[in-house]
Amino acid sequence: MSKVRVRFAPSPTGFLHIGGARTALFNWLFARNQGGTFILRIEDTDEVRSSEESVGAILRGLSWLGLDWDEGPTAYTERQLEPGAKWQEDSGKGIYMPYYQMNAFREGIYKKPADQLLNEGKAYHCYCTPEELESMRTRAMLAKRPPKYDGRCRDLTDALRKEHEAKGRKPVVRFKTPVEGTTHFEDIVRGHVSFENSLLDDFVLLKTSGIPTYQFAVVIDDHRMKITHVIRGDDHLSNTPRQVLIMEALGWGDFARGLKFAHLSMILGPDGTRLSKRHGATSVEEYQKQGYLPEAMVNYLALLGWSTEDSQQLFKIDDLIQKFSLERCGKSAAIFDPVKLLWMNGEYIRALSKPELAQRCLPFLKEAGLAASGEITPYLESCVALEQEKIKLLTDVPRLVDFLIRDDFVFDEKSVEKVLKVPGAIGLLMEIAGKMRTLSEFTAASTEKLCRDYAAEKGLKAGAVFHPVRVATSGRTQGPSLFHYLEVLGKEKCLARIDKTCATLAVH
RNA sequence: GCUCCCGUCGUCUAGCGGUCUAGGACGCUGCCCUUUCAAGGCAGAGAUCAGGGGUUCAAAUCCCCUCGGGAGCACCA
């Protein structure tokens with residue numbers, strides 16, 4: 001049994017979206033589970049839609065998710081792009097370079113097999129213009145027939161060929177699809193799949209520019225890179241017979257028969273249609289910006305179309321790798337549920353150690369101007385820790401800890417109205433402050449005892465003391481555990497805040 | 001239009017002929033804990049297994065049909 005080799009082969013025509021990330025993840029999990037090789041290949045043969053920016057976004061997205069590849073372009077983290085430089089200039093890593101298809105094209109990698117098919121009469125030049133093809137298609141549609149190419153250039157005479165050439169027409173290379181027979185292949189998630197060849201038309205292998213089409217490049221590269229399993233979205237299911245046919249025509253029947261496919265179900269938006277921009281965030285980078293943890297995203301994505309027998313929900317990454325299998329991938333499409341992702345993110349945030357959590361929050365704190373020093377101080381770490389169980393998104397943090405860091409926090413009018421602007425509130429606060437001043441140890445335990453004793457002494461409910469203290473020191477009725485944040489704030493600040501509140505209130 | 005794929009609680013799913021009066025998770029409801037908000041604990045509502053025919057002593061599980069959803073049919077990938 002040869003070693004597993006899988007690839008994730010995105011086309012750089014946009015950012016890394018949720019569906020692509022899921023495909024990449026399943027490839028990666030399978031490779032890691034099997035002790036195989038995970039390859040990243042950039043399919044940039046679309047001259048007009050491919051972009052430098054997209055390559056960067058894909059590399060960045062994969063890195064963020066922790067999906068490292070064994071062969072492919074140099075990782076984003078190892079190679080920051082200098083201005084003006086191109087990702088494709090990167091030599092990458094691995095023994096089957098290049099991993100950018102346009103680089104392979106420049107090296108003439110696709111020309112040889114195309115010539116072979118041409119010479120053996122398994123492919124031919126087609127001189128039809130886009131206009132001719134278009135009218136062919138509309139006529140077929142009107143006649144209620146499948147919009148297929150009719151094969152008119154299959155047996156072009158030399159004279160006709162010369163005539164086209166004389167007019168300056170550049171040919172494409174078309175594959176001579178067998179008109180009869182059935183093409184079979186094995187799919188790990190779908191089982192045995194077969195298609196009638198008669199349904200397929202003579203599709204294009206090489207464009208007029210000489211650049212290969214997806215169908216052709218994929219076959220050449222999968223063979224070249226000795227891929228053993230093709231794991232991709234099931235939107236490619238009906239492309240598969242074409243690819244198998246090409247392999248057989250090239251004499252790679254053994255390779256074709258050994259190749260295993262796994263067509264993963266699609267991910268849909270909440271309304272059951274294909275996930276798109278109008279469903280909100282669809283790129284993994286947007287989720288990063290919104291404060292999701294990559295490990296939560298990975299865990300959530302793994303559960304979209306894959307499950308264990310006991311429906312386990314939370315997985316440490318090593319656990320996931322160990323339990324993952326293609327056989328347990330489902331066939332039906334799954335709807336992406338942002339609510340469950342959010343829950344899972346909270347789970348992962350709660351599982352983080354305090355220093356780690358603070359570190360993850362740093363970019364968001366900086367952005368909000370709450371990390372003056374630019375790094376995590378012990379004080380900042382304590383502030384974040386106070387809110388840990390409440391955090392669903394890292395972007396929640398600045399809002400949550402703001403009052404602990406800035407002394408000019410704003411008071412919530414409703415809270416002030418309800419809790420402080422009541423008879424006796426100022427007196428109570430001043431007395432509490434007076435007692436606090438005498439405290440030698442200013443801890444959660446000591447301040448709590450102080451407040452409880454005071455309440456008992458005055459015959460008040462504990463809440464009647466706690467709430468004014470909370471609003472006086474934080475500006476609102478909602479927040480972390482009162483005495484714990486008082487301890488973090490420290491005696492001096494607490495007293496200053498209570499005094500200031502009393503002074504302000506007394507004026508009105 | 002043609003071809004292919006899919007169809008279990010609102011959602012992700014377990015189930016691979018009897019152990020299913022269909023299990024788990026998110027969400028939802030209630031209760032408990034509690035200084036607030038969360039978190040946590042407990043309980044509950046929620047699926048005649050898309051519908052209809054078969055096969056079988058026995059079907060969510062096997063077969064057929066219908067319906068519904070999705071995908072593909074480019075010199076895009």
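In this structure, A:Asp412 atom CG and B:U36 atom C1' are separated by 12 Å, rounded to whole Å. Atom pair A:Leu386:CG and B:C37:P shows a separation of 17 Å (rounding to whole Å applied). Atom CG in A:Leu486 sits about 15 Å away from atom P in B:U35, given to the nearest Å. A:Ile267 places its CD1 atom 17 Å from the C1' atom of B:G69, with the value rounded to the nearest Å. Summarising the geometry, the separation between CD on A:Glu448 and P on B:U36 is reported as 12 Å, rounded to the nearest angstrom. Rounded to whole Å, atom P of B:C12 lies 17 Å from atom CZ of A:Arg328. With rounding to whole Å, A:Leu200 atom CG is found 12 Å from B:C2 atom C1'. Atom CZ of A:Arg476 and atom P of B:A38 are 13 Å apart (whole Å).
Taking a pair to require two hydrogen-bonding distances under 3.5 Å in either a Watson-Crick or a G-U wobble arrangement, B:U61 remains unpaired. Nucleotide B:A22 forms a pair with no other nucleotide shown, judged by Watson-Crick or G-U wobble geometry with both contacts under 3.5 Å. In a base pair of the Watson-Crick type (N1 to N3 plus N6-O4 or O6-N4) or a G-U wobble (N1-O2 and O6-N3), with each distance short of 3.5 Å, B:A45 is matched with no nucleotide. The base-pairing partner of B:A14, taking Watson-Crick or G-U wobble contacts with both distances under 3.5 Å, does not exist among the strands shown. In this entry B:G7 has B:C67 as its Watson-Crick or G-U wobble partner, both defining distances falling under 3.5 Å. The partner of B:C73 is B:G1, judged by Watson-Crick or G-U wobble contacts that both fall below 3.5 Å. Here B:U56 sits opposite no nucleotide as a Watson-Crick or G-U wobble pair (both hydrogen-bonding atom distances under 3.5 Å). Across all strands shown, B:C33 has no partner, as no Watson-Crick or G-U wobble contact with both distances under 3.5 Å is found.
Between A:Arg452 and the phosphate of B:U35, there is a side-chain N or O to OP1/OP2 separation shorter than 4.0 Å. Phosphate proximity of B:G40 to A:Arg350: present, with a side-chain N or O under 4.0 Å from OP1 or OP2.
Under the 30°/60° scheme for interplanar angles, the aromatic rings of A:Phe409 and A:Phe411 are found to be tilted.
Ring centroids of A:Phe30 and A:His229 are separated by less than 6.0 Å, placing the two rings close together. Here A:His184 and A:His192 bring their ring centres to under 6.0 angstrom of each other.
Counting only heavy atoms from C-beta outward, the side chains of A:Leu341 and A:Phe336 approach each other to under 4.5 Å. Side-chain contact check for A:Tyr149 versus A:Cys126: some heavy-atom pair is nearer than 4.5 Å. Side-chain contact check for A:Gln313 versus A:Ser307: every heavy-atom pair is 4.5 Å or farther apart.
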Letter per nucleotide, 5' to 3', of nucleotides 20-25 of chain B [B base touched, S only sugar-phosphate touched, - untouched; heavy atoms, 4.0 Å]: ---BBB

Whether each nucleotide of nucleotides 71-77 of chain B has a protein heavy atom under 4.0 Å at its base (B), only at its sugar-phosphate (S) or at neither (-) is summarised, 5' to 3', as SSBSBBB

Each nucleotide of nucleotides 41-47 of chain B classed B (base within 4.0 Å of a protein heavy atom), S (only sugar-phosphate) or -, in 5' to 3' order, makes -------

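Rounded to the nearest 0.5 angstrom, A:Asp412 CG and A:Ser474 OG are separated by 9.5 Å. Atoms CG and CG, on A:Leu320 and A:Leu29 in that order, are 4.5 Å from each other to the nearest 0.5 Å.
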Contacts under 3.5 Å, N or O only, protein and nucleotides 63-67 of chain B:
none

Between protein and nucleotides 6-8 of chain B, what N or O pairs are separated by less than 3.5 Å?
none

Below 3.5 Å, can you tabulate the donor-acceptor pairs from side chains in residues 215-223 of chain A to any protein atom, sequence neighbours excluded?
| residue | atom | partner | partner atom | Å |
| --- | --- | --- | --- | --- |
| A:Gln215 | OE1 | A:Gln243 | NE2 | 3.0 |
| A:Asp221 | OD1 | A:Tyr110 | OH | 3.3 |
| A:Asp221 | OD1 | A:Arg224 | NH1 | 2.3 |
| A:Asp221 | OD2 | A:Gln101 | NE2 | 2.8 |
| A:Asp221 | OD2 | A:Tyr110 | OH | 2.7 |
| A:Asp222 | OD1 | A:Arg7 | NE | 2.9 |
| A:Asp222 | OD1 | A:Arg41 | NH1 | 2.9 |
| A:Asp222 | OD1 | A:Arg41 | NH2 | 3.1 |
| A:Asp222 | OD2 | A:Arg7 | NH2 | 3.0 |

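Taking 4.0 Å as the cut-off between side-chain N and carboxylate O, A:Asp271 and A:Arg278 count as a salt-bridged pair. Between A:Asp202 and A:Arg154 a salt bridge is recorded (basic side-chain N to carboxylate O distance below 4.0 Å). Comment: A:Lys170 does not engage A:Glu165 in a salt bridge, judged by the lack of any side-chain N to carboxylate O separation of less than 4.0 angstrom.
The list of ring pair (Phe, Tyr, Trp, His ring centres under 6.0 Å) pairs with a residue in residues 445-478 of chain A, not counting sequence neighbours, reads A:Phe466-A:Phe483. The salt bridge (Lys or Arg N to Asp or Glu O under 4.0 Å) analysis of residues 385-398 of chain A, with sequence neighbours excluded, yields the pairs A:Glu387-A:Lys390, A:Asp396-A:Arg399.
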Before giving the answer on ring-ring contact (aromatic ring centres under 6.0 Å, His included), spell out for A:Tyr485 and A:Phe403 the whole-Å C-alpha distance, their side-chain angles and the decisive distance to 0.1 Å. CA-CA 10 Å; A:Tyr485 87 71; A:Phe403 81 96; 5.2 Å; yes

Using the rule given for side-chain hydrogen bond (donor to acceptor under 3.5 Å, both in side chains), can you reason through A:Arg232 versus A:Thr240, listing the C-alpha separation, both sets of side-chain angles and the distance that settles it, and then say yes or no? CA-CA 11 Å; A:Arg232 71 220 313 193; A:Thr240 310; 3.2 Å; yes

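Taking the centre and axis of the six-membered ring of A:Phe203, the NZ or CZ atom of A:Arg242 falls inside the cone set by 45° and 6.0 Å. Figure legend: A:Arg328 and A:Phe324 shown without cation-pi pairing, the cationic atom not lying both under 6.0 angstrom from the six-membered ring centre and within 45 degrees of its axis.
Near RNA chain B, meaning a heavy atom under 4.0 Å from it, residues 292-307 of chain A has A:Leu303, A:Leu304, A:Gly305, A:Ser307 in order of number. Looking at residues 20-27 of chain A, you'll see that no heavy atom sits under 4.0 Å from any atom of RNA chain B.
Of the possible donor and acceptor atoms, none in the side chain of A:Glu53 sits under 3.5 Å from a partner among the backbone N and O of A:Pro12. Looking only at distances, a side-chain donor or acceptor of A:Asn27 sits under 3.5 Å from a matching main-chain atom of A:Thr23.
Every ring pair (Phe, Tyr, Trp, His ring centres under 6.0 Å) that A:Phe315 has, sequence neighbours left out, goes to A:Trp306. Partners of A:Arg174 according to the salt bridge (charged side-chain N to carboxylate O under 4.0 Å, His left out) rule, which considers only residues two or more places apart in sequence or in another chain, do not exist here.
A residue-by-residue look at A:Asp337 and A:His484 shows that A:Asp337 has its nearest nucleotide of RNA chain B further toward the 5' end. Take the nearest nucleotide of RNA chain B for A:Leu341 and for A:Ile335: the residue whose nucleotide is more 5' is A:Ile335.
Applying the salt bridge (charged side-chain N to carboxylate O under 4.0 Å, His left out) test between A:Glu132 and each of A:Arg137, A:Arg169, A:Arg139 identifies A:Arg169 as the sole match.
For A:Thr477 against B:U35, a side-chain-to-base donor-acceptor contact under 3.5 Å is absent.
Taking atom P in both B:C20 and B:U66, the straight-line distance is 35 Å, to the nearest Å.
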